[in-house]
Every structure is written in C-alpha cells, then in structure tokens.
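To start, the structure under review is shown below, and the notes come after it.
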Amino acid sequence: MTSIAVIGPGAVGGTVAAWLAQNPAHAVTVCVRTPFERLAVETPEGPITASPHVATSPAGLSPVDWVLVATKTYDTDATMAWLAALVGPETRVAILRNGVEHAAPFAGKVAAGNLVPAVVDIPAERSAPGRVLQRRNGWMKVPAGEAGEAFAALFAHTPIQLEVVDDFVTEAWKKLALNCAGAVNALTLKPAVVAHDEGAAEVMRALVRECVAVGRAEGADLSDDLPDAVIDGYRASAPDGVNSLHADRAAGRPMELDARNGVIVRKGAAHGIATPANAMIVALLNAAAS
Ligand SMILES: NC(=O)c1ccc[n+]([C@@H]2O[C@H](COP(=O)([O-])OP(=O)(O)OC[C@H]3O[C@@H](n4cnc5c(N)ncnc54)[C@H](OP(=O)(O)O)[C@@H]3O)[C@@H](O)[C@H]2O)c1
C-alpha cells in the first residue's frame, strides 16, 4: 500500500486525489481547510468519486510515502504545519503549483532529492468543497530522476499524462508564459474568450514577450513565437474557461499574482530586463483587490 496525502484538495488537488484513490493500492488522505464528505469530479472520462480519509488538522497524522502540495502559493505558510506532521526522512513531496519557484519555500524542510516540482496542466474548476470540473485529462511534467519517475508511476492507472523531462526549467517557464497572459482575464474578469479581442491579445503578447526575455536569462529555452502560440492556445480553448487567477479575483480571494507576474518583474530586475507590462498589470490587479 502506498500512502499519499494531498494538501489542499481544491481544483487540482481534488482532481488528482480522486484519480489517485481509484487505485486500490493507494491509501489517500486529503488535508483540508474546508471539510467535505467525499470527492466528486466530473472528468472528461465521466464522473468519478472517492472517499479518502479527510484530515482537518495535522494532529494524529504520521509520515506518509508521498505528500502532494496543491495549495495556492499564497497559502504556503499554512501548508507547513501539515508538512511537519506528514514528512519523514523517506517521504517524497511533490509541488503541484504554477510558477517557477516550486521548490524554494520547501528547501531545508524536505531533502532536495525527495522534492518533486511539477508543472501542471490540468484545467479544473471547483464548484463547491469536494466538487470539481476537470475540463481536460491534462498532463504533468516533472524532472527526470528517481523521484520524478516514482511520481509519474503513481498516475499510471489514470488518463492524466505524466512526463519526466530533462529540462524542467524550460517547461516551467513555458507554463509561466501561458499563465502570465492570464492576468488579462483576471483584470477584465472575462474568460478565455477575451483572447479573441485583438487589443486584449496584444496586451497578453506583451506580458509573454517579457516572460520570454526573463526566462531566457534564467536559462530557459524559449522560442520567439511563444507569444503568438500562447494567444493561439487561448483562442483554441473553451471560451468559458476560467483560469485560477481569474477565479480567485472573482471570488474575492487572494491571487497568485506574485507567482505568475510579480516573479517576472522581480527576476527581470535582477537581470536588468525591463518588464513594464507585467509591472503594470501587477499594480492594477493589486489596486483592484485592495
Ligand atoms: N485550477 C487549475 O486549472 C490549475 C491548473 C494548473 C495549475 N494550477 C495551479 O495549481 C495550484 C492549486 O490551484 P487550484 O486551482 O487547485 O486552487 P484551489 O482550487 O483554490 O485549491 C486550493 C485548495 O487549498 C486549500 N487550502 C488552503 N489553505 C489550506 C490549508 N492550510 N490546509 C489545507 N488546505 C488548504 C483550499 O481550501 P478551501 O476549500 O478552504 O479554499 C483549496 O481546497 C495553484 O498553484 C494553481 O496556480 C491550477
């Protein structure tokens, strides 16, 4: 039996926890802030349900084989109390988050060889605690190596595609290029369809061009046509698709603005690269939320 704890079973965490629980060799615990009875996920393959152990507090929990962190980046501090209970010397910890700074907050708390950063492309939306719409089967990419391979094996029974990659830095920045453009959805409070507006699309391209420049300075191998490819991707996606930054702003929650756009400004400044478009959208979204 493989013991797996998912911290933060929201859109992504709820989807992966439900899929992991379909394997009877997995003992799944979900670590929640808002409790629920069971997980119900509308997947592209049809509805799936799961009744994992639901933990509302770290008290009484002991180290597991795998911890999957799927809380938002702004909930990192609250995540640490769970980790203290769940992580032993052998525990592997996967970070299922957006951004390019997956491992940094956990360095020193988890042995480097046991940390698995994951680029996640599983579009999912939560309608209520424990209830999720998974729009595509999606994929996750993790760094090559023993821990990455073991993480991928956890999902062998699912339709979610797992890939171990040699150049994780590039994959993380490619995903950030997509995510940074999503700030336009959050600002306009319009779903993916807004990318069909040429003015909005040009702002998205400007955000991505800065991401490409900074990502290259960080060692990512990013192509010149990435800004146009990002717009093409938005235009080809479900017009009513809502990204998580947009969903957070619409719900009045904090936003992962620093992880998705602020990081481009911060790292750009460190490399002497101007990032006025990202700086502007960070300022406007912060002002709108204050
Ligand atoms: N959604 C997507 O389509 C998508 C796709 C790719 C990547 N991502 C990334 O995946 C990560 C997770 O995003 P998400 O959309 O899944 O977020 P989400 O739906 O907001 O889920 C986050 C979950 O964390 C829970 N949580 C917060 N603090 C907690 C704590 N102290 N203890 C236990 N649980 C806690 C929340 O509980 P409550 O129920 O109380 O709010 C919620 O269930 C983000 O980095 C996001 O950018 C998302």
Side-chain angles (χ1 to χ4, degrees), residues 5-19 29-37 39 41-44 52 54-59 61 67-86 94-106 117-141 160 171-172 174-183 185-186 191-192 233-234 237-238 240-263:
V6 178
I7 307 175
V12 165
T15 300
V16 298
W19 275 115
T29 297
V30 289
C31 304
V32 304
R33 180 172 60 184
T34 308
F36 50 79
E37 290 288 311
L39 281 165
V41 183
E42 291 294 332
T43 85
V54 178
T56 54
S57 141
L61 294 179
V67 174
L68 275 54
V69 174
T71 51
K72 291 274 176 48
T73 54
Y74 52 74
D75 281 324
T76 295
D77 288 348
T79 301
M80 295 304 179
W82 293 105
L83 282 186
L86 292 164
I95 314 299
L96 279 56
R97 282 180 166 174
N98 275 320
V100 291
E101 298 170 306
H102 297 72
F106 305 97
V119 177
V120 180
D121 183 5
I122 304 174
E125 293 154 34
R126 190 166 47 131
S127 56
R131 300 189 67 86
V132 181
L133 167 65
Q134 179 190 2
R135 286 194 180 260
R136 273 192 288 111
N137 285 333
W139 52 257
M140 288 191 273
K141 294 183 184 178
I160 300 170
E171 296 301 335
K174 273 162 64 178
K175 182 72 197 296
L176 189 68
L178 183 73
N179 285 147
C180 73
N185 305 93
Y234 270 95
S237 68
D240 60 342
V242 172
N243 71 53
S244 59
L245 196 76
H246 176 181
D248 276 348
R249 183 177 174 219
R253 294 189 291 258
M255 289 177 281
E256 290 183 308
L257 200 49
D258 183 64
R260 295 166 64 126
N261 297 90
V263 65

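Numbering of ligands and ligand atoms starts at 1, following listing order.
Taking all atoms of both residues into account, the shortest heavy-atom contact from Arg135 to Ala238 is NH1-CB, 4.0 Å.
Rounding to the nearest 0.5 Å gives a distance of 9.5 Å between OG1 of Thr79 and CZ of Arg33.
Pocket lining of ligand 1, defined as residues with a non-hydrogen atom under 4.0 Å away: Gly8, Pro9, Gly10, Ala11, Val12, Cys31, Val32, Arg33, Thr34, Ala70, Thr71, Lys72, Asp75, Ala78, Trp82, Leu96, Arg97, Asn98, Val120, Ile122, Pro123, Ala124, Arg126, Lys175, Ser244, Glu256.
Residues forming a ring-ring contact (aromatic ring centres under 6.0 Å, His included) with His102 (at least two apart in sequence, or on another chain): Phe168. Applying the side-chain contact (heavy atoms from CB on, under 4.5 Å) rule to Val67 yields the partners Ile7, Val64, Val69, Leu83, Leu86, Val87, Thr91, Val93; only residues at least two apart in sequence or on another chain are considered. In this structure Lys175 satisfies the salt bridge (Lys or Arg N to Asp or Glu O under 4.0 Å) test with no other residue, sequence neighbours excluded.
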Next on the checklist: Run Arg253 and Asp75 through salt bridge (Lys or Arg N to Asp or Glu O under 4.0 Å) and show every step you take.
Outcome noted: CA-CA 11 Å; Arg253 294 189 291 258; Asp75 281 324; over 6 Å; no
